[in-house]
**Q** 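Shown below is the structure under consideration.
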Amino acid sequence: KPRPEAARSSVLSWLSASCATPAAMAMAAAWAARGLRAGALVHRPAAGGACGVLRGPTVIVRRGLGETVVGPPLTDLPGNLRHAQNFFTKGSSSYGEFKQQCVSLRLFAFGGVTVGCVLALFIDPPKSSYWCRWSPTSLPSFLKSMFFGKAPPLFLTEPSNHKTDVAAMVKNIVQPKLGAEEEEAPKATSNNKKFKVCVCGGAGGIGQPLSMLMALDDRVGELCIFDLKIAMVPAEGVAADLSHLERPSKVKAYSLDKEDKPIEKLSECLSGCDLVLVPAGLPRKPGMTRADLLGINAGIAKNIVEACAKHCPNAVVGLIVNPVNSVVPAMAELYKKKGLDPKKIVGVTTLDVVRANKFVHEATGAPLEEIDVPVVGGHAGETILPLFSQVEAAKAIPADKLKDLDKRVQDAGTEVVNAKKGKGSATLSMAYAGARLGKAVLAGLSGEKGVQECAYVGSSITELPYFASKVTFGPKGVAAVHPLGPLSDHEKERLIVVKNQLHGEIEAGVQYATGNQLA
């Protein structure tokens with residue numbers, strides 16, 4: 001029996017000789033395909049004491065696991081398990097046996113780690129969009145969307161234009177399509193109309209990104225930015241910045257001193273406006289009651305609403321002024337006392353819908369285009385009621401997890417405040433939500449059919465005079481307020497809590513309107 005050194009030398013000699021001619025290489029491949037047992041050292045005495053070589057596909061694997069020693073095949077689990085057990089119990093009597101035990105140990109270690117990683121991917125899958133799209137669990141939904149969805153499958157899409165249209169990306173991704181998508185109604189000629197939009201408080205944390213998103217809307221022909229001169233950033237600076245965008249809309253700025261009255265100074269700014277968005281007011285500070293906050297912010301909102309009543313009474317006024325649950329009823333009642341349509345006053349609660357949609361997407365991996373959670377009630381704490389039972393994607397979420405999602409939607413604002421270490425609140429997401437509602441309003445004004453969004457408006461779908469639910473926007477603003485629809489048992493219980501709390505907040509707004517009036 002040749003020594004290992006002689007065997008190793010003869011193996012190298014044989015390899016160099018065999019590779020010399022194509023015929024020898026073909027013969028070597030044929031021998032490898034004869035099914036020789038992988039991992040075994042084949043010893044064939046030849047002239048001069050030469051020996052054979054290791055052959056078989058798993059030899060490469062064994063080289064990665066350890067020395068190419070004689071032992072059971074990789075598929076012989078009992079045999080490898082016996083070698084691994086001997087490592088801890090009996091030890092080894094030779095170096096070859098010790099190396100085989102190491103090979104077996106590594107085999108089980110690597111196998112265990114691999115199986116553990118695979119199980120982890122399915123037990124607690126990553127939130128990566130790549131995994132959500134290409135994981136084995138997403139195959140059924142991918143096939144469904146490929147054959148039955150509106151969008152064409154990936155391999156049938158047309159090649160993209162080499163020139164990147166940033167504005168189109170923002171319009172199509174940041175501002176999703178609204179309303180029914182079953183049938184696209186033919187667009188009326190009025191769809192080409194350009195609208196005048198004003199953002200009151202346009203130089204603030206919400207106002208700046210909101211103004212940018214509205215400037216990107218194709219339906220906006222003129223955008224007015226209004227704010228006080230004491231703002232951190234002058235309204236003129238915001239307007240100058242936005243005027244450089246590659247959009248046809250004209251951007252103008254208007255600034256007032258703190259003592260100026262908007263009704264007297266904003267005639268040019270507001271005249272002819274079709275939509276006025278109001279991200280204004282002060283945040284609630286420590287020690288401040290809701291009544292204190294309402295007294296301050298309702299006064300701010302009143303000044304702007306008063307100017308709108310005089311200069312653009314037919315405009316839709318979207319209020320992003322806290323507390324929305326009280327400010328919207330107060331301003332709507334003041335409009336009613338003035339003889340104007342109270343449904344022109346709209347509370348922007350779209351952020352609750354945006355958050356609910358994103359949380360369901362994160363929990364299920366379902367495409368965002370297929371998720372539209374109606375959020376009803378109000379726009380603060382327990383008055384926020386997401387109706388997950390009406391969303392197909394949410395039906396796969398366990399009941400206890402749905403309760404957690406419900407609570408998270410209610411407390412999402414606090415989540416952002418805590419993440420910003422008390423140095424800010426939800427400004428960017430609020431701007432996105434405000435632009436989404438603004439897009440819906442303008443789509444309805446242009447004559448588009450079936451444009452729906454959730455909003456807090458005057459309502460008769462419950463015993464409360466104001467309630468957030470799905471609203472259809474038309475050529476005059478709010479065209480229809482939709483009923484709640486079927487509710488789960490949990491949602492019915494929550495609805496009682498919502499109504500009880502919302503009733504008191506609405507009354508506070510109505511009482512404010514009773515003691516005030518528009519000029």
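These numbers come from a predicted model, not from an experiment.
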**Q** Treating Lys196 as the side-chain partner and Cys224 as the backbone partner, does any N or O pair qualify as donor plus acceptor under 3.5 Å?
**A** no
**Q** Hey, does Val481 have a side-chain heavy atom less than 4.5 Å from the side chain of Ser460?
**A** no
**Q** Could you walk me through whether Ile384 and Val375 pass the side chain to side chain contact (heavy atoms under 4.5 Å, CB included) check?
**A** CA-CA 7 Å; Ile384 301 172; Val375 181; 3.6 Å; yes
**Q** Taking side chain as C-beta onward, heavy atoms only, is Cys269 less than 4.5 Å from Cys198?
**A** yes
**Q** Under 4.5 Å between any side-chain heavy atoms of Val391 and Ile371, yes or no?
**A** yes
**Q** Is there a donor-acceptor pair closer than 3.5 Å between any side-chain N or O of Asn297 and the backbone N or O of Gly281?
**A** no
**Q** Do Leu266 and Phe226 come within less than 4.5 Å of each other through their side chains, counting heavy atoms only?
**A** yes
**Q** Indicate the atoms forming the closest heavy-atom contact of Leu428 with Pro209, along with that distance.
**A** CD2-CG, 4.1 Å
**Q** Tabulate below the donor-acceptor pairs under 3.5 Å that side-chain atoms of residues 351-359 make, not counting sequence neighbours, or state none.
**A**
| unit_1 | atom_1 | unit_2 | atom_2 | d |
| --- | --- | --- | --- | --- |
| Asp352 | OD2 | His379 | ND1 | 2.8 |
| Asn357 | OD1 | Val373 | N | 2.7 |
| Asn357 | ND2 | Val353 | O | 3.4 |

**Q** Strictly distance-based, threshold 3.5 Å: is any side-chain N or O of Glu491 a donor or acceptor partner for the main-chain N or O of Phe388?
**A** yes
**Q** Under the 3.5 angstrom rule, does the side chain of His361 hit a backbone N or O of Ala366 as a donor-acceptor pair?
**A** yes
**Q** Rounded to the nearest 0.5 Å, what separates atom CG in Leu277 from atom CD1 in Ile304?
**A** 11.0 Å
**Q** Holding to salt bridge (Lys or Arg N to Asp or Glu O under 4.0 Å), I want the full list of residues that pass it with Asp411, two or more places apart in sequence or in another chain.
**A** Lys407
**Q** Does the side chain of Val478 come within less than 4.5 Å of Phe473's, by heavy atoms?
**A** yes
**Q** Please give me the minimum heavy-atom distance between Ala468 and Gly378, naming the atom from each residue.
**A** CB-N, 4.4 Å
**Q** I'd like to check the side-chain contact (heavy atoms from CB on, under 4.5 Å) partners of Asp292; sequence neighbours left out, ordered by chain and number.
**A** Met288, Thr289
**Q** Please round to the nearest 0.5 Å and tell me the distance separating atom CG of Leu464 and atom CD1 of Ile506.
**A** 4.5 Å
**Q** Start with the C-alpha distance between Val348 and Val324, add both sets of side-chain angles, then the distance that settles side chain to side chain contact (heavy atoms under 4.5 Å, CB included), and finish with yes or no.
**A** CA-CA 8 Å; Val348 181; Val324 171; over 6 Å; no
**Q** Compare all side-chain heavy atoms of Val251 with those of Leu245 and state whether any distance is below 4.5 angstrom.
**A** no
**Q** Test: side-chain hydrogen bond (donor to acceptor under 3.5 Å, both in side chains). Region: residues 393-406. Which pairs qualify, not counting sequence neighbours?
**A** Glu392-Lys395, Asp406-Gln410, Asp406-His490, Asp406-Arg494
**Q** Would you sort out whether Lys470 and Asp372 count as a side chain to side chain contact (heavy atoms under 4.5 Å, CB included), showing the intermediate values?
**A** CA-CA 11 Å; Lys470 276 197 171 183; Asp372 186 14; 3.5 Å; yes
**Q** Scan residues 412-435 for pairs that pass salt bridge (charged side-chain N to carboxylate O under 4.0 Å, His left out), counting only residues two or more places apart or in two chains.
**A** Arg408-Glu415
**Q** Short question: side chain of Lys344, backbone of Lys476 - any donor-acceptor pair under 3.5 Å?
**A** yes
**Q** Counting distance only, does the side-chain N/O of Gln390 pair as donor-acceptor with the main-chain N or O of Pro374 below 3.5 Å?
**A** no
**Q** Looking at Asn303 and Pro262, what are the two nearest heavy atoms and their distance?
**A** O-CB, 3.8 Å
**Q** Going from CD1 on Ile225 to CG on Asp241, what distance comes out if it is rounded to the nearest 0.5 angstrom?
**A** 10.5 Å
**Q** So, are Arg219 and Asp274 salt-bridged, with charged N and O less than 4.0 Å apart?
**A** no
**Q** State which residues pass salt bridge (Lys or Arg N to Asp or Glu O under 4.0 Å) with Lys310; sequence neighbours excluded, sorted by chain then number.
**A** none
**Q** Given side chains that start at C-beta, do those of Asn325 and Thr383 come closer than 4.5 Å, heavy atoms only?
**A** yes
**Q** Taking salt bridge (charged side-chain N to carboxylate O under 4.0 Å, His left out) as the cut-off, I'd like each qualifying pair that reaches into residues 248-267, sequence neighbours left out, listed once.
**A** Glu222-Lys252, Lys229-Asp257
**Q** Restricting to pairs with a member in residues 499-512, which pass salt bridge (charged side-chain N to carboxylate O under 4.0 Å, His left out), not counting sequence neighbours?
**A** Glu463-Lys499
**Q** To the nearest 0.5 angstrom, please state how far the CG atom of Asp227 sits from the OG atom of Ser255.
**A** 7.0 Å
**Q** Which residues pass the salt bridge (Lys or Arg N to Asp or Glu O under 4.0 Å) test with Glu306, sequence neighbours left out?
**A** Lys302
**Q** Without swapping roles, check the side chain of Gln208 against the backbone of Ala203 for a donor-acceptor pair under 3.5 Å.
**A** yes
**Q** With sequence neighbours excluded, tell me which residues meet side-chain hydrogen bond (donor to acceptor under 3.5 Å, both in side chains) with Thr350.
**A** none
**Q** Which heavy atom in Leu223 sits nearest to a heavy atom in Ala215, and how many Å separate them?
**A** CD2-CB, 3.8 Å
**Q** Would you mind writing out the side-chain donor-acceptor pairs for residues 327-341 within the sub-3.5 Å range, not counting sequence neighbours?
**A**
| unit_1 | atom_1 | unit_2 | atom_2 | d |
| --- | --- | --- | --- | --- |
| Glu333 | OE2 | Lys336 | NZ | 3.4 |
| Glu333 | OE2 | Tyr466 | OH | 2.6 |
| Lys337 | NZ | Ala513 | O | 3.0 |
| Lys337 | NZ | Asn516 | O | 2.7 |
| Lys338 | NZ | Ala519 | O | 2.8 |
| Asp341 | OD1 | Lys343 | N | 3.0 |

**Q** Of all the heavy-atom pairs spanning Leu213 and Ala435, show the shortest one and how long it is.
**A** CB-CB, 3.6 Å
**Q** Can you list the steps and then say if Ser267 with His311 is a side chain to side chain contact (heavy atoms under 4.5 Å, CB included)?
**A** CA-CA 6 Å; Ser267 175; His311 302 298; 3.6 Å; yes
**Q** Is Asn500 reaching over with its side chain to a backbone N or O of Ile496, donor-acceptor style, under 3.5 angstrom?
**A** yes
**Q** What closest approach, in Å, do Leu484 and Leu495 show between heavy atoms, and which atom pair accounts for it?
**A** CD1-CD2, 3.9 Å
**Q** Nearest 0.5 Å, what's the SG-CG distance between Cys200 and Leu270?
**A** 5.5 Å
**Q** For the pair Lys194 (side chain) and Asp218 (backbone), establish whether a donor and an acceptor sit closer than 3.5 Å, ignoring hydrogens and angles.
**A** yes
**Q** Would you compute the distance between atom CG of Leu216 and atom OG of Ser211 and round it to the nearest 0.5 angstrom?
**A** 11.0 Å
**Q** Just jot down the side-chain contact (heavy atoms from CB on, under 4.5 Å) partners of Val417, sequence neighbours excluded, or say none.
**A** Ser425
**Q** Heavy-atom distance under 4.5 Å between the side chains of Val197 and Leu442, does that happen here?
**A** yes
